[in-house]
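Written out below as structure tokens is the structure these notes cover.
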Amino acid sequence: MSVIKCNKCGRYYEKERHRKCPYCGINDMDTDRTVMLDEDYSYSPVRNRTESCDLTIGEFSFFTGTKPVTGWLVCVEGNSRGRDYKLFSGWNRIGSSTDMQVCITDDDRISRIHGAVVYDSRSNLFHAVSEAGNLIYINGETLEDSRIITSGDTIEIGSSKFVFIAFCEEGRTW
């Protein structure tokens, strides 16, 4: 398995499975800007050195991109049907721009910055937020400002429909 890094968005993907970057759509596999990962590229736990407890914890590394998943959006209708989008702690902006955490480029009715799903780790809740002037529907109802969403809720953006699945819920947090 060869994993390469996209020079445009900086994300890693398997070159055998994708002819171009699945996140931003750029085909830069044949240029010298795409780099191969080293053999020792891996995630490894580190020991927590606090005196109060002796736990093994994961370490976030900007190089490896390890970031805990808090939930998913799964496209059930539209051009991206069957595709999932990982959600992380904080703001997960949704739009057609490659700068978005949830980048949907194959739906012409989705604006560059359409809205967001926000995970608040303090309250362990997810919120759907719309950007001014953009329509988002939660379970068939228009989203006006922001609203708490839970697993199984449907989110309609542009011509696409997503089902929201929370990983962090009911006492399970990072």
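All residue numbers in this chain count up from 1 along the given sequence. Quantities reported herein were computed from a predicted structural model and do not represent experimental measurements.
The OG atom of S96 sits 11.5 Å away from atom CD1 of I157, with the distance rounded to the nearest 0.5 Å. Note that the CD atom of E170 and the OG1 atom of T150 stand 10.0 Å from one another [nearest 0.5 Å].
Residues I136 and H114 are in side-chain contact: their nearest non-hydrogen atoms beyond the backbone lie under 4.5 Å apart. In this structure, the side chains of T70 and F167 stay at 4.5 Å or more apart for every pair of heavy atoms. Looking at heavy atoms from C-beta onward, V117 lies out of side-chain contact with V102 at the 4.5 angstrom threshold. In this structure, the side chains of E141 and R147 come closer than 4.5 Å at one or more pairs of heavy atoms.
L135 and I155 end up in different hydrophobic clusters when Ile, Leu, Val, Met, Phe, Trp and Tyr side chains are linked at under 4.5 Å. Put simply, M100 and I104 are part of two different groups of oily side chains (I, L, V, M, F, W, Y) that touch within less than 4.5 Å, one to the next. Note: the hydrophobic cluster containing I138 also contains Y85 (ILVMFWY, side chain heavy atoms under 4.5 Å, direct or indirect links).
Remark: the D107 side chain and the N79 side chain contain no N/O donor-acceptor pair separated by less than 3.5 Å.
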Item to check | Residues R93, D99; criterion side chain to side chain contact (heavy atoms under 4.5 Å, CB included); working and verdict | outcome: CA-CA 9 Å; R93 296 176 306 156; D99 295 336; 4.3 Å; yes

Next on the checklist: Pair I94, L73 - check side chain to side chain contact (heavy atoms under 4.5 Å, CB included), show working.
Outcome noted: CA-CA 10 Å; I94 303 168; L73 288 178; 3.9 Å; yes

Checklist entry - Please walk me through it: do S111 and E131 pass side chain to side chain contact (heavy atoms under 4.5 Å, CB included)? => result CA-CA 10 Å; S111 66; E131 289 291 324; over 6 Å; no

Checklist entry - How far apart are the C-alpha atoms of I110 and D108, what are their side-chain angles, what is the distance that settles it, and do they pass the side chain to side chain contact (heavy atoms under 4.5 Å, CB included) test? => result CA-CA 6 Å; I110 295 179; D108 294 337; over 6 Å; no

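Under the side-chain contact (heavy atoms from CB on, under 4.5 Å) rule, Y119 has a single partner from N124, L87, L125, which is N124.
N92 places a side-chain N or O within donor-acceptor distance of the main-chain N or O of F88, the cut-off being under 3.5 Å. S159 contributes no side-chain N or O that, together with a main-chain N or O of G78, makes up a donor-acceptor pair within less than 3.5 Å.
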